[in-house]
Amino acid sequence: MITLLFVAFLLLIALEVPIAFALGLASLGYLLLEGQTPLVILVQRMTSGLDSFPFLALPLFVLAGHIFNRGGIARRIFNFARALVGHFRGSLAHVNVVGSMIFAGMSGTAQADAAGLGVIEIEEMKKDGFDPAFAAAVSATSAIIGPIIPPSVIMVIFAVMTEVSVADLFLGGFIPGILMSLSLMAMIYWMAATGRIHAPVHPRQPFQVVWQTFLSAFPALVAPILLVGGMLLGVATPTELGAIVVVYGIVLGFIYRELTVPKLFRIFGEVGVTYAVLVFIISNAFPFGWLVAINQVPALLAEAILSVTANKWLVLLLINVALLIAGCFMETTAILVISVPVLFPL
């Protein structure tokens, strides 16, 4: 029976049914065929799964990313990164990565990074003579740092689904995020040094210019410090810190005179739609995950993998390869809500 659940889900995905409906319809079809469980359990699982305090952090981090994008902060971060690393071999490609790493500390999603800072980065790289395809590739890969360095929307979702500490996940994201950035910069440097990309070399900026751009971007750089400091000192929960960062971003936007009341209300509307879609996907994933759990799929998967290898690093490698392949066809949140109930016990 459980095979039918996955077959129905994959078939609906192949038919380009939206992921939320595919999850819900697959679960509904399973219960109809099984015929013993009342259908009301679907609604109960959808609503009870959302009854979680950390979920309040999701709209706050999404809202913070939109506000920092529209409040003139993304441009200031780009200018600071340009003054800091623009003279490296690879020039604006390095600026792209460093800017994304800084912006990751306030956006929470890859989409916010790509839609805000990414637009600025691609335009500047094209003006500088970079191939548009390469500019897009660097912007896409550097945007992925967004959900790794806290705050992170997908970490909140993972924490809710597995009942682990959001703060611990946030603090654990810094080193991987920095390593990802350094790896991207090393690849860019190698490509520029071997002539695989055209990357104009810029002169090193004098200290005064670096200092001026730093002062201009400093208010934005305070946001990650507020988050990390607040979590380390235990003065507030990630949800409360998210609210603080939102208020801080609104104040900065008005100080910079790039945020107005009408623009703020438009941002609220956009975030409302984005968050509604996100929550609908997550809520439909809860009954799906419940059906997976009661049919002991995690135990069966663990038994199958451990029959091949008991080495934890090889198990992790197999999981990463599977997620990499899935990521070629599906969106991150969808993969997360499907794979966590199956893989987390393993």
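The chain is numbered in sequence order, starting from 1. Values reported hereafter were calculated over all heavy atoms of this structure, with side chains retained and with hydrogens, waters and symmetry mates removed.
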Does atom CD (Glu34) have a neighbourhood of more than 12 heavy atoms from anything else shown, all under 6.0 Å?
yes

Which heavy atom in Val95 sits nearest to a heavy atom in Glu121, and how many Å separate them?
O-OE2, 4.3 Å

Could you pull out the closest heavy-atom pair between Pro287 and Ser283, with the gap in Å?
CD-O, 3.1 Å

Can you name the closest pair of heavy atoms from Leu252 and Phe68 and give their distance?
CD1-CE2, 4.3 Å

Testing the basics here: between Ala22 and Ile13, what is the closest heavy-atom pair and its distance to 0.1 Å?
CB-CD1, 4.0 Å

Just checking, is any N or O donor in the side chain of Asn79 or Thr213 under 3.5 Å from an acceptor N or O on the other one?
no

Find out whether Ile122 and Val138 are in side-chain contact, i.e. whether some heavy atom of one side chain is under 4.5 Å from a heavy atom of the other.
no

Ring centroid separation for Phe103 and Phe78, is it under 6.0 angstrom?
no

Hey, could you give me the CG/OG1 distance between Leu169 and Thr162, rounded to the nearest 0.5 Å?
6.5 Å

The side chain to side chain donor-acceptor pair (under 3.5 Å) partners of Gln212 (sequence neighbours excluded) come to none

Anything under 30° is parallel, anything over 60° is perpendicular, the rest tilted; go ahead and classify Trp211 against Phe207.
parallel

Whether Ser152 side chain and Pro147 backbone form a donor-acceptor pair below 3.5 Å:
yes

Should Val308 and Trp313 be counted in the same cluster of Ile, Leu, Val, Met, Phe, Trp and Tyr side chains packed under 4.5 Å apart?
no

Atom pair CZ (Arg204) and CG (Leu84), whose distance is rounded to the nearest 0.5 Å
10.0 Å

Can you name the closest pair of heavy atoms from Gly90 and Ala199 and give their distance?
CA-CB, 3.8 Å

Give a yes or no answer on whether the side chain of His94 reaches the backbone of Gly86 with a donor-acceptor pair at less than 3.5 Å.
no

Using a strict cut-off of less than 4.0 Å between a Lys/Arg side-chain nitrogen and an Asp/Glu carboxylate oxygen, indicate whether Arg75 and Glu124 qualify as a salt bridge.
yes

Pick from Ile281, Ile335, Leu12: which one makes a side chain to side chain contact (heavy atoms under 4.5 Å, CB included) with Ile19?
Ile281

If you count heavy atoms of other groups shown closer than 6.0 angstrom to OH of Tyr189, is the number above 12?
no

Does Glu258 pair with Arg76 as a salt bridge, N-O distance under 4.0 Å?
yes

Once you round to the nearest 0.5 Å, how far does CG of Leu316 lie from CG of Asn311?
10.0 Å

Has the side chain of Ser91 got a donor or acceptor atom that lies under 3.5 Å from a matching backbone atom of His87?
no

Should the ring pair Phe158 and Phe344 be called parallel, tilted or perpendicular, given that the plane angle runs from 0 to 90° and is split at 30 and 60?
perpendicular

Is there a side-chain contact between Arg196 and Trp190 (heavy atoms, below 4.5 Å)?
yes

Would you call the rings of Phe280 and Phe21 parallel, tilted or perpendicular if under 30° counts as parallel and over 60° as perpendicular?
perpendicular

Would you call the rings of Phe288 and Phe9 parallel, tilted or perpendicular if under 30° counts as parallel and over 60° as perpendicular?
tilted

Measure the shortest side-chain to side-chain distance between Leu318 and Leu314 over non-hydrogen atoms and say whether it is less than 4.5 angstrom.
no

Answer yes or no: is there a donor N or O on one side and an acceptor on the other, between the side chain of Thr309 and the main chain of Ile305, under 3.5 Å?
no

For Leu291, does its backbone N or O pair with a side-chain atom of Asn295 as donor and acceptor, under 3.5 Å?
yes

Taking C-beta and beyond as the side chain, do Asn96 and Ser139 meet within less than 4.5 Å on heavy atoms?
yes

Could you tell me whether Phe61 and Phe170 have their ring centroids closer than 6.0 angstrom?
yes

Do Asn284 and Ser27 meet the criterion of a side-chain donor-acceptor pair at a distance under 3.5 Å?
no

Heavy atoms from other residues, nucleotides or ligands near CD1 of Ile175 exceed 12 (cutoff 6.0 Å)
no

Please check if atom CE in Met191 has more than 12 non-hydrogen atoms from other residues, nucleotides or ligands closer than 6.0 Å.
yes

Ala243 and Leu60: which non-hydrogen atoms are nearest, and at how many Å?
N-CD1, 3.6 Å

Under a 4.5 Å cut-off applied to non-hydrogen side-chain atoms, are Ile145 and Leu184 in contact?
yes

Under 3.5 Å: donor-acceptor pair, side chain of Tyr248, backbone of Pro219:
yes

For Phe130, does its backbone N or O pair with a side-chain atom of Asp128 as donor and acceptor, under 3.5 Å?
no

In Val97, Ile149, Leu221, the residue satisfying side chain to side chain contact (heavy atoms under 4.5 Å, CB included) with Ile102 is Leu221

Non-hydrogen side-chain atoms of Phe174 and Pro150 separated by less than 4.5 Å
yes

If we only count heavy atoms from C-beta on, is the Ile282 to Leu336 side-chain gap below 4.5 Å?
no

Distance from Leu264 atom CG to Ile250 atom CD1, nearest 0.5 Å?
5.0 Å

